[in-house]
Amino acid sequence: MAAKKEMEVVKGLDVQRYMGRWYEIASFPSLFQPKNGENTRATYTLKEDGATVNVLNETWTDGKRGFIEGTAYKADPASDEAKLKVKFYVPPFLPIIPVVGDYWVLFIDEDYQYALIGQPSRNYLWILSRQPYLDEEIYNQLVQRAADEGYDVSKLHKTPQSKTPPEAEEGPKDTKGIWWFKSIFGR
C-alpha cells in the first residue's frame, strides 16, 4: 500500500474572519458525538490574547441540548499553515481529562462561508457552513477534495439541520452528559 501524501492545508487563515458560528453539514461519526444528534454546530470566539480560540460545540438529541466547551490554538505559532490543536476536558459534566486533537483547515472558500476540516490520521472529517445547509454542488466539490486528500468519503454522514435551527441555548440542557455516555456505548 502506497504511503499517503501530506495533506494540503490552508495557508494564511484569517482567524478573525473564521470566528463565529459554523453548522456541521457532514462528518465522520465519532465517539464524542451522539449518533442521532442534529442541528450540530460550532461557535468560535477569539480570546483577548488574540491567539486562543474558545470553542463551543453543540448538538441536540431528543430535543435536549448537549454541548462541550474547549479551546483551540495554532500547533506551531511560527507557521502560516492552518494546523490547530483543540483541547476539551471530558466528561463534560466533570471535566477532568484533557483530550487534545488536531484541527486542520484543509479548505475554506474566499468568502469564509464553507470549510473542509480534517486531521493527519484521516479518521475525522467535517464539512462546515455558515448556513445550516450547503448547495449540493459545493458539497460534492468538498467531498471530492476530501477524497483527493486520501479520506474514505464513504464514511461521511450528513448531519440533520433544521430550516430554523435553535438559537442560543434554546431547549432543555443535557446536564448529566448522558449523550456523552450514549455515544461511547454506541447508542
Side-chain angles (χ1 to χ4, degrees), residues 4-34 37 39-59 65-132 134 142 145-146 149-151 156 159 165 168-169 173-174 177 179-180 183-184:
K4 292 183 179 176
K5 68 175 182 115
E6 175 75 20
M7 277 188 273
E8 288 191 37
V9 178
V10 169
K11 291 182 173 54
L13 181 73
D14 184 335
V15 176
Q16 290 281 0
R17 288 182 71 199
Y18 197 75
M19 295 300 97
R21 176 160 295 158
W22 291 90
Y23 294 91
E24 181 184 278
I25 302 302
S27 68
F28 283 2
S30 80
L31 287 177
F32 298 106
Q33 285 185 261
N39 295 314
T40 303
R41 63 193 184 197
T43 305
Y44 304 124
T45 311
L46 195 59
K47 292 191 175 201
E48 286 184 20
D49 66 8
T52 308
V53 175
N54 184 64
V55 177
L56 172 63
N57 288 343
E58 302 170 280
T59 194
R65 175 182 172 260
F67 66 96
I68 190 166
E69 290 188 83
T71 56
Y73 51 91
K74 284 189 87 168
D76 176 2
S79 172
D80 72 338
E81 290 184 312
K83 292 181 179 180
L84 305 173
K85 292 284 188 186
V86 289
K87 183 190 323 184
F88 295 98
Y89 287 89
V90 295
F93 53 88
L94 182 64
I96 55 173
I97 303 166
V99 176
V100 179
D102 292 298
Y103 182 106
W104 290 10
V105 182
L106 305 177
F107 176 80
I108 190 158
D109 72 300
E110 64 184 30
D111 294 325
Y112 282 60
Q113 294 301 300
Y114 50 89
L116 181 66
I117 311 301
Q119 45 82 265
S121 72
R122 294 174 174 82
N123 290 329
Y124 298 97
L125 183 69
W126 294 270
I127 294 176
L128 304 178
S129 173
R130 294 289 189 179
Q131 302 297 321
L134 188 61
L142 292 172
R145 188 177 286 269
E149 290 293 348
Y151 282 89
L156 262 176
T159 305
E169 298 179 5
K173 291 180 186 169
D174 175 3
W179 67 269
W180 190 79
S183 64
I184 285 181

Quick one: does any side-chain atom of R122 pair with a main-chain N or O of E149 as donor and acceptor, under 3.5 Å?
yes
Does R130 form a side chain to side chain contact (heavy atoms under 4.5 Å, CB included) with Y114? I'd like the steps, not just the answer.
CA-CA 6 Å; R130 294 289 189 179; Y114 50 89; over 6 Å; no
Show the nearest heavy-atom pair for residues [X] and [Y], with the distance to one decimal.
X	Y	result
T43	E58	OG1-OE1, 4.2 Å
L134	S129	CD1-OG, 4.0 Å
L142	A115	CD1-O, 4.4 Å
Y124	S30	CE2-CB, 3.5 Å
L106	Y151	CD1-CE1, 3.7 Å
L156	A26	CD2-CB, 3.9 Å

First locate atom CD1 of I25, then atom OG1 of T40, and finally report the distance between them rounded to the nearest 0.5 Å.
10.5 Å
With rounding to the nearest 0.5 Å, note down the distance linking OG1 in T159 to CZ in R41.
13.0 Å
Could you work out, with side-chain hydrogen bond (donor to acceptor under 3.5 Å, both in side chains) as the rule, every residue matching [X], not counting sequence neighbours?
X	result
K83	E6, E81
D102	K85
T71	none
Y18	Y103

Would you say E8 has more than 12 foreign heavy atoms packed within less than 6.0 Å of its CD?
no
Taking only residues two or more places apart in sequence or in another chain, which ones pass side chain to side chain contact (heavy atoms under 4.5 Å, CB included) with [X]?
X	answer
P98	K87, Y89
D14	Q16, R17, Y112
F88	V55, N57, I68, V86

So the salt bridge (charged side-chain N to carboxylate O under 4.0 Å, His left out) pairs with at least one residue in residues 22-33 (sequence neighbours excluded) are none
Quick one: salt bridge (charged side-chain N to carboxylate O under 4.0 Å, His left out) pairs with a partner in residues 103-117, sequence neighbours left out?
none
Could you pull out every donor-acceptor pair under 3.5 Å between side chains of residues 46-53 and any protein atom, sequence neighbours left out?
unit_1, atom_1, unit_2, atom_2, d
D49, OD1, A51, N, 2.8
D49, OD1, T52, N, 2.8
D49, OD2, T52, OG1, 2.7

Should I127 and L116 count as side-chain neighbours, where that means a heavy-atom distance under 4.5 Å?
yes
Could you go through the side chain to side chain contact (heavy atoms under 4.5 Å, CB included) check for N39 and T59 one step at a time?
CA-CA 6 Å; N39 295 314; T59 194; over 6 Å; no
